[in-house]
Amino acid sequence: MKRRSFMVAVGASPLLAAMPTVTNAKAEFRWKMVTAWPKNFPGLGTNANLLAQMINTMSGGRIKIKVYGAKELVPAFEVFDAVSKGVAELGHSGAYYWKGKSATTQFFSAVPFGLTAQEMNSWLYYGGGMELWRELYQPFGIIPAATGNSGVQMAGWFNREINSFEDLSGLKMRIPGLGGEVLRRAGGTTVNIPGGELFTALQTGTLDATEWVGPYNDLAFGLHKVAKYYYYPGWHEPGSTMECLINEEAFNSLPKDLQEIVLVACKAANLDMLSEYTARNNQALKTLVDKHGVKVMALPDDVLKKLLVLSDDVVAELADSDAMARRVYDSVMGFKEQVSAWHELSERAFLRARAL
Ligand code: CA
């Protein structure tokens, strides 16, 4: 509507048409971005801020975005609905939070023992992943874009040692998505609560364990103050993709250049988050160990092997849930097989060589 009245005004006045800076100085689109993270939360909330700021700057102020932390406009787990209904034009979250909408969404954030960050981006941009993701969200009037990746996460914070597979039995743990289902089959009880509530849940004993992200984010929540052991690796989230949800109608109302700016900004934010996490996780890990005396422990190989077997079952069953899940499964698993063969003799062989 705004755009149309602007065009009429330009057509009516040759003087205005010769002075495009006058109209450029005015924001044509004032958007809201709702997020699943606490406002300004390091890495996640700040990525949402960065994305909003880049779109604002690159558009010369034609798109102005106000970013809302979780609960400021809508709760963390209502971000998807808010964007779908147009309450907000943009959302910033993780696709596995929406498994209640479609179980298939989980393939677009993290699959246990699945793709790493580098592999995930390759699948999305060059392996057919993005096309499938768009198709999945299309019925909800949402266009998805990858806007960040955590890299390999940590297995999480535990109040007891995990020395055998049996130690997972009876464990009350916050672990979302497919990893949560795997832990349930290992005998644990799982809940998914927003990140902002983890500290209290561990402190009060509502939880025995929680995963969150990695040293950088976990340190920010102070999880080391309420749990004894910090386990690795994050078998359940080997390279979790964060998403920008774009209301389709709002997107379609943009001129082509602004549409491209929104999508390119998401790509830039995607690269930024992985770079930031890679740099800051190792600084934070050092702080956790040197300053706070955190015990960093590896999950035993036999525990990981059993989790892997359970994960394969869970992911295969997910593929049976509907035709779309099957297509996404075939795509991502086919990609995993190919890229694993290549990464055996590139990434893995090199990392091994570097450590000789
Ligand atoms: Ca996580």
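Atom set for the values below is all heavy atoms of this structure, side chains included, hydrogens, waters and symmetry mates excluded. Atoms within each ligand, like the ligands themselves, are counted from 1 in listed order.
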Between [X] and [Y], is there a side-chain N and carboxylate O pair less than 4.0 Å apart?
{"X": "Arg185", "Y": "Asp313", "value": "no"}
{"X": "Lys305", "Y": "Asp301", "value": "no"}
{"X": "Asp167", "Y": "Arg160", "value": "no"}

Quiz item: Does Pro176 bring an N, O or S atom to within less than 3.0 Å of the Ca ion (ligand 1)?
Solution: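 Checking the Ca ion (ligand 1) against Pro176, no N, O or S atom falls under 3.0 Å.
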
Practice problem: Return yes when at least one N/O/S atom of Ser150 is nearer than 3.0 Å to the Ca ion (ligand 1), and no when none is. | Solution: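 Within the cut-off used here (under 3.0 Å), Ser150 places no N, O or S atom near the Ca ion (ligand 1).
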
Exercise. Determine which of the N, O or S atoms in Glu211 is closest to the Ca ion (ligand 1) and give its atom name.
Key: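 Looking only at N, O and S atoms of Glu211, the one nearest the Ca ion (ligand 1) is named OE1.
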
Self-check item: N/O/S atom name from Glu237 that is nearest to the position of the Ca ion (ligand 1)
Solution: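 The closest N, O or S atom of Glu237 to the Ca ion (ligand 1) is OE2.
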
Quiz item: Aromatic rings Tyr230 and Trp157: how do their planes relate, parallel, tilted or perpendicular, breaks at 30° and 60°?
Solution: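 Because their plane-to-plane angle is under 30°, the rings of Tyr230 and Trp157 count as parallel.
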
